[in-house]
Protein chains: 2
Amino acid sequence: MLEVMRVIREVVQPAAKVVRAGDVIFRAAAPFTTVYLINAGAFKLVSRSLDGREQIVSLKFRGDWLGFSGIASGRHPCDAIAMDTGNISIIPYDKLTEACARHPEMMAVIHEAMSAEITHERQSLMSVCTLASLARVAEFLCSWARSMNQRGLRADELTLRMTRADLGNYLGMTLETVSRCLSKLNREGLIRFGERGRRQISIPDLSRLEQFVIGGSMMHGQAAVQ
Amino acid sequence: MLEVMRVIREVVQPAAKVVRAGDVIFRAAAPFTTVYLINAGAFKLVSRSLDGREQIVSLKFRGDWLGFSGIASGRHPCDAIAMDTGNISIIPYDKLTEACARHPEMMAVIHEAMSAEITHERQSLMSVCTLASLARVAEFLCSWARSMNQRGLRADELTLRMTRADLGNYLGMTLETVSRCLSKLNREGLIRFGERGRRQISIPDLSRLEQFVIGGSMMHGQAAVQ
DNA sequence: CGATAGCTTGAGAATATTCAATTTTAGTGG
DNA sequence: CCACTAAAATTGAATATTCTCAAGCTATCG
C-alpha cells in the first residue's frame with residue numbers, strides 16, 4: 001500500500017488537501033473529473049435512491065481511493081464525506097489515464113484498486129445477507145480491526161467515528177439493534193468499551209471474536225447455492 | 001454496449017466459447033489470468049466465506065464482464081457459473097492490459113466496466129439494507145426488467161433462470177419468503193406468472209411495480225444518515 | 001408414469017423493529 | 001469550571017416481520 005502511494009506520488013505528483021469531519025469530498029450527481037487517494041482519515045460513501053432512501057455503501061480509509069464509481073456515468077453516484085480529520089491526494093482523472101498509458105505499473109495499481117473495491121463491496125453484501133445482526137456487528141468490528149492492522153494502525157483499540165445510526169444504516173439494522181448487539185458483545189467479554197466513551201471499542205482477543213462470528217453464522221438459513 | 005463489444009472484437013480479437021447451464025467459467029481461488037465478456041446468457045457469481053456461508057454476490061448478462069474481481073489478489077474471489085446456455089469472449093488479461101496501453105479508448109472501456117460494477121454491487125447492498133422483503137423482490141424484478149431493456153431484450157416477460165433458493169440467497173431472504181412475496185405480487189396484479197411455469201414472470205405495468213417499491217420502502221426504519 | 005427437485009402454503013418460533021422512557025455524552029455560553 | 005442544552009446511546013415492552021419446520025403440490029426428466 002505504501003508502495004502504491006509512492007508510485008502515485010512520483011508519477012502524478014498530486015496536490016493534497018486536509019479535510020475535517022463532515023467535509024464533503026464530492027456530491028452525488030456532481031460531474032466526475034477527479035479521484036482521490038486517502039492519505040489519512042476515514043470517509044463514508046452515501047448513496048440515495050430516487051425515493052429518498054439513504055445508504056452508507058462503503059467506508060474508506062488510508063490507502064483507499066475515492067471516486068472510481070463515477071467513471072462509468074461521468075457523474076459521482078454517491079456522496080463522499082469525511083468522518084474525521086484527514087488528508088487526501090487530489091488526482092485529476094485525465095492525468096491519471098495519461099499516466100496509466102505511459103506507465104504500465106500505474107495501470108496495474110489502478111486496476112488492482114478498482115478490483116479490490118468490487119470485491120470489498122461484495123463482502124459487505126455477503127455479511128448483510130448471511131449473518132444475523134449480532135454476528136454482523138461482530139464481523140464488522142473484526143473487519144475494521146483487520147483493516148486497521150493491514151494499514152499499520154492500532155487494531156485492538158478501535159475508535160468508531162460514526163453514530164449508532166450510521167453504523168446501523170451501514171449494517172442494515174436499526175440503531176437500537178446495533179446498541180443491543182454491542183452491549184451483548186460487551187457482556188460476553190468479546191469487546192470492551194473505552195474510557196473515552198462508547199464509540200471507542202477494544203477487542204481483547206480478535207480471534208475469539210472471529211470465532212464467534214463463525215459460530216453465529218448458521219442461522220438465517222438461506223439454502224446453499226446448488 | 002454494442003460499441004464496447006465492437007471495440008473489444010477489433011482490438012483483441014478474442015476467442016469465444018459456448019457455455020451451458022451449470023458450466024463453471026472460473027472457480028474461487030483459481031489463479032486469475034483471464035477475463036470474459038458475455039455475448040449471451042446469464043451468469044451468477046458465488047462467494048464463499050471461510051466458514052462455509054455461500055452468497056450469490058452478482059448476476060451478469062450480455063455486455064457484462066466476468067473476472068475483474070480477480071485482478072487485485074491474482075486469484076478469483078468467487079465462482080462464476082452459467083445459469084443458461086450462453087456465449088462468452090475469452091480475453092487473457094495480459095493481452096487486455098497491452099491493448100489498454102496502446103489504445104486509450106480501450107482503457108476507457110475497461111475502466112467504465114469496472115466502475116459500473118462497483119456501483120452495481122453497491123445498489124445491491126442498498127436494496128438489501130433499505131427494503132423489506134416484499135419491496136426487495138419487487139425491486140429485483142424491476143431492475144431485471146430495466147437491465148433487459150437496456151440490453152435490447154424483452155423486458156415485460158422475464159424468465160428467471162434460477163431457483164427460489166438462489167433468488168432468496170441473492171436477495172438475503174429464505175426461499176419460502178421469496179415464494180410468498182411472488183405470490184403476493186401476483187395476487188396484487190403487479191406481476192403475472194407465465195404459462196411456462198412460475199419462473200416466467202410478466203410485468204403488466206413496470207411503472208406501477210416501481211411505484212410499489214417506493215411505497216413499500218418506508219419500513220425497516222434505519223435513521224437517515226446525518 | 002414414477003421419481004425427484006423445485007415450489008407453495010400454513011402455523012409456530014425466533015429475530016428485529018417500533019415506540020417510549022431514561023441515561024449518558026458532548027457542546028455552549030455564562 | 002460549571003450549569004444547561006441538545007444530541008446520542010441505552011434499555012424495555014409490545015409489535016411486526018421473517019424464519020423454521022412441515023406437509024402437500026407441481027413441474028420435469030428419465
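Side-chain atoms are counted along with the backbone in the values below, which use heavy atoms only and exclude waters and symmetry mates. Protein chains get the first letters and strands the later ones, always in sequence-line order, with residue 1 at the start of each. These figures come from a predicted structure and were not determined experimentally.
Checking dT8(C), dA9(D), dG6(C) against every side-chain atom of S179(A), the shortest atom distance belongs to dA9(D). Residue T177(B) places its side chain closer to dT18(D) than to any other of dA16(C), dT18(D), dT10(D). Taking only side-chain atoms of M173(A), from C-beta outward, the nucleotide of dT10(D), dT18(D), dT17(C) with the closest atom is dT17(C). Residue S133(A) has its side chain nearest to dA16(C) when only dT10(D), dA16(C), dA8(D) are considered.
Counting distance only, with no hydrogens placed and no angle test, the side-chain atoms of E176(A) and the base atoms of dC19(C) include a donor-acceptor pair under 3.5 Å. Interface remark: the R187(A) side chain does not form any donor-acceptor pair with the dT10(D) base, using a distance-only criterion of under 3.5 Å. Residue R136(B) places no side-chain atom within donor-acceptor reach of the base of dT17(D), judged by atom type and a 3.5 Å distance cut-off alone.
Relative ring orientation between H76(B) and F32(B) is described as perpendicular, the plane-to-plane angle rising above 60° on a 0-90° scale split at 30° and 60°. The aromatic rings of F140(B) and Y170(B) stand perpendicular to each other, their planes meeting at an angle above 60°, with 30° marking the opposite boundary.
Distance M83(A) CE to dA8(D) C1': 16 Å, rounded to the nearest Å. Separating the CG atom of L134(B) from the C1' atom of dT17(D) is a distance of 11 Å, rounded to the nearest angstrom. In this structure, CD1 of I201(A) is placed 14 Å from P of dT25(C), rounded to the nearest angstrom. Computed from coordinates, the R198(B) CZ to dT8(C) C1' distance equals 7 Å when rounded to whole Å. If you take CZ of R180(A) and P of dT18(C), they are 11 Å apart, rounded to a whole angstrom. The distance from atom CG of L182(B) to atom P of dC7(C) is 10 Å, rounded to the nearest whole Å. Rounded to whole Å, atom C1' of dT18(D) lies 15 Å from atom CG of L131(B). Protein atom CZ of R199(B) is 14 Å distant from nucleotide atom C1' of dT8(C), rounded to whole Å.
Applying the side-chain contact (heavy atoms from CB on, under 4.5 Å) criterion to R161(A), with sequence neighbours excluded, gives A42(A), M83(A), D84(A), T159(A).
For the pair S183(B) and G197(A), nearest-nucleotide mapping onto DNA chain C gives the more 5' position to S183(B).
For T174(A), no side-chain nitrogen or oxygen approaches OP1 or OP2 of dA16(C) to under 4.0 Å.
At a threshold of 4.5 Å between non-hydrogen side-chain atoms, the residues E210(A) and R146(A) count as touching.
Salt bridge present: D51(B) and R53(B) bring a charged side-chain N and a carboxylate O closer than 4.0 Å.
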